[in-house]
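These numbers were taken from a predicted model, which means no experiment stands behind them. Chain A is the first sequence line, chain B the second, and so forth, proteins listed ahead of strands; every chain is numbered from 1. Side-chain atoms are counted along with the backbone in the values below, which use heavy atoms only and exclude waters and symmetry mates.
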There are 2 protein chains.
Amino acid sequence: MTDKTNVLLIGAGGVGTMAAYNLEAGGQASVTAVLRSNYSAVKVNGFTITSIDHGFVKEWRPTHILHSVPDVSNEGSPIYDVILVTTKNVPDISPMVVELIYPAVTPNHTSIVLLQNGLNIELPIIAAFPTNPVISGVSLIGATETSPGHIVHDDRDRILVGAFHSPISQIPEGKSIAAAKVFASLYSASGKVSCTYDSNVAFSRWRKLIYNATYNGVCAITGMDTSRMRMAGFPIEDVIRPLMWEIWRIARAKGHELPESVIQDMIDCDPWDTYFKPSMQQDIEKGNFIEFENIVGEPLREAEKLGIPAPGLNMLYGLLKIKQLQIKESKGLVILPAKGDPTRPMLQFIKQKDVFLGPDCKFEAK
Amino acid sequence: MTDKTNVLLIGAGGVGTMAAYNLEAGGQASVTAVLRSNYSAVKVNGFTITSIDHGFVKEWRPTHILHSVPDVSNEGSPIYDVILVTTKNVPDISPMVVELIYPAVTPNHTSIVLLQNGLNIELPIIAAFPTNPVISGVSLIGATETSPGHIVHDDRDRILVGAFHSPISQIPEGKSIAAAKVFASLYSASGKVSCTYDSNVAFSRWRKLIYNATYNGVCAITGMDTSRMRMAGFPIEDVIRPLMWEIWRIARAKGHELPESVIQDMIDCDPWDTYFKPSMQQDIEKGNFIEFENIVGEPLREAEKLGIPAPGLNMLYGLLKIKQLQIKESKGLVILPAKGDPTRPMLQFIKQKDVFLGPDCKFEAK
């Protein structure tokens with residue numbers, strides 16, 4: 001036992017691995033990482049990281065590596081002070097984050113940090129763990145796992161954290177805010193990255209959605225990176241900018257007065273000629289599920305509730321849902337009807353219970 | 001010389017080849033086909049056709065095969081009674097049909113039949129050839145060139161023809177109508193297909209746009225065929241049906257009172273489980289340019305002129321334009337700016353003069 005903060009990381013792709021590295025670099029945290037697709041590669045060779053913040057790092061491993069989420073009710077199991085969730089959110093496909101982290105949460109103790117994209121991701125978490133602080137993390141990092149265990153981190157790590165607020169939480173708001181501040185301090189301990197406590201993190205989350213619901217979705221649909229869109233011009237003016245204004249208007253109706261200048265800022269936020277592919281585009285190229293429900297679907301549903309027109313977003317959402325269906329089919333989760341059946345049956349979906357973490361996973365410490 | 005009608009076919013893919021075959025099967029037409037990508041294959045082996053209307057046909061050739069559009073001003077050149085154009089319309093990329101057919105048109109004589117998709121395709125033709133009848137052909141065929149010279153024709157050939165009307169035409173409307181009726185009779189002579197004179201062919205063209213501007217565009221963007229969309233259900237309800245209503249409302253504002261039932265008819269018009277891919281989807285898969293400007297762009301511009309909202313179509317148009325840019329780049333027609341140039345230059349387009357028919361083509365008779 002040490003006096004370090006015991007952090008459980010769920011989801012060690014680009015964002016999660018850099019978070020783990022940075023937390024351990026600060027010297028105040030001990031990270032246990034739950035790995036899935038890259039478990040074997042990292043077990044054998046560790047992570048190889050090329051980082052704009054931390055330099056070149058070879059054969060690095062977090063303090064512990066697991067292949068499944070630990071059950072803290074097991075005798076002798078450590079408890080976790082922080083669970084840092086950096087998985088994708090694909091509520092239309094896989095177990096909710098709630099089910100995933102359930103065995104590792106200690107009520108009244110563990111802070112749950114959702115360093116994830118999208119809107120309304122906290123609602124099921126707060127409902128399931130009403131005695132735990134639930135913290136909103138908005139990451140502005142650019143980091144990609146190029147192959148299992150290989151991370152290229154080429155846009156600086158900047159994180160805003162704050163408390164999610166909800167009337168169904170059973171702890172005082174001040175406790176969640178304090179927990180968010182503690183995490184910000186822990187994440188800043190390396191001195192290499194900026195992690196800021198943000199009292200209005202919901203504003204920041206909407207601000208990021210201006211980029212994510214638009215560039216991210218359109219790049220995923222078309223397969224075009226953000227550089228080419230800017231270099232051609234018309235994709236921005238015909239598609240991206242009108243979509244960004246739709247999100248801007250929904251945010252405003254939700255009470256987040258984003259400045260008008262945020263539109264151009266977000267259009268220009270990627271480096272000019274790195275030909276950056278946002279996460280959903282990368283996911284489609286890799287045949288992974290896309291997290292379009294929280295990134296595009298939830299803002300759209302907010303628009304519908306508020307009566308704000310969002311016709312472009314509505315079309316984008318439908319197209320992304322079609323892409324997700326194709327990914328399901330490529331993973332064997334769709335059964336097409338028998339040829340020539342005169343009753344014209346619909347296709348069927350096979351439920352996949354465990355996308356992130358399989359039932360056959362074993363607990364293995366480093 | 002025969003007393004047969006001398007037909008020049010421009011564009012011998014699925015639709016064009018079946019038209020040529022059907023015209024010659026009727027015994028009243030002699031077809032000269034201008035081939036491009038399949039010229040060598042057809043020269044050597046002829047066309048191999050599997051047709052729902054005409055059965056299996058092996059090593060078939062039209063009366064004449066050419067590799068470029070003939071110049072009728074050359075001494076001894078035959079003149080053409082009909083020029084049947086079945087190329088795609090890609091005005092954003094390649095020479096207009098006008099430039100393509102110019103050498104083969106005999107003023108005051110040749111009927112120009114545009115058996116092509118989309119809206120406003122006749123405007124430049126009538127402007128360039130004001131003394132020629134210009135005929136609108138709406139084809140409902142399903143025919144695909146699966147490899148050079150191999151045609152699979154699996155949905156019956158049905159054609160509606162009528163006269164394009166325009167105040168800038170210099171011939172009486174009656175003359176164009178008569179020419180359309182003559183062509184309908186010529187095309188029906190085989191007894192195998194239905195070619196009907198349609199006094200309101202503009203209505204039929206809009207009716208077909210209900211399918212083409214929606215299914216065709218969305219299948220192209222997503223890569224999903226029409227069967228899967230119907231079998232899943234949500235792609236129809238979330239995307240296709242709302243887009244179809246947009247086209248329906250534009251058509252109505254243009255004076256074409258399509259019945260409401262046309263929406264469901266068009267949703268269900270493909271065979272249930274043939275997994276049909278509309279033409280633009282096929283083009284994207286083959287790396288060909290897509291004819292989205294006349295199929296989606298023109299209806300959208302009509303909507304703008306008329307003040308009819310078409311936000312879904314607007315988004316679809318922008319996405320298709322992005323896909324076309326990618327096809328341009330894949331064909332070497334895009335120059336990306338030099339890496340790291342601080343002036344952030346835009347990408348450049350290389351003009352491609354001849355997409356259909358190259359300058360090196362030679363006149364060759366069969």
[atom2] on [Y] to [atom1] on [X], rounded to 0.5 Å:
| X | Y | atom1 | atom2 | answer |
| --- | --- | --- | --- | --- |
| A:Leu319 | B:Thr222 | CG | OG1 | 7.0 Å |
| B:Leu347 | A:Arg230 | CG | CZ | 12.5 Å |
| A:Ile221 | B:Ile322 | CD1 | CD1 | 10.5 Å |
| B:Met229 | A:Leu325 | CE | CG | 9.5 Å |
| B:Met231 | A:Leu336 | CE | CG | 6.5 Å |

Atom NZ of B:Lys277: over 12 foreign heavy atoms under 6.0 Å = no
At a 4.5 Å cut-off on heavy atoms, which part of [X] comes close to chain A: side chain, backbone, both, or neither?
| X | value |
| --- | --- |
| B:Leu320 | neither |
| B:Lys339 | both |
| B:Ala338 | backbone |
| B:Glu329 | side chain |

Derivation of the side-chain contact (heavy atoms from CB on, under 4.5 Å) call for B:Met224 and A:Lys323 = CA-CA 8 Å; B:Met224 182 173 285; A:Lys323 296 306 286 184; over 6 Å; no
Quick check for you: among [options], which has the greatest number of heavy-atom pairs under 4.5 Å with chain A?
| options | answer |
| --- | --- |
| B:Gly312, B:Ala232, B:Gly318, B:Pro271 | B:Ala232 |
| B:Thr274, B:Leu243, B:Asp273, B:Asp238 | B:Asp273 |
| B:Met346, B:Glu237, B:Lys321, B:Arg344 | B:Arg344 |

message = Less than 4.5 Å apart, side chain to side chain, heavy atoms only: is that true for B:Gln326 and A:Arg228?
response = no
key: Check: A:Asn314 and B:Met315 side chains under 4.5 Å, non-hydrogen atoms   = no
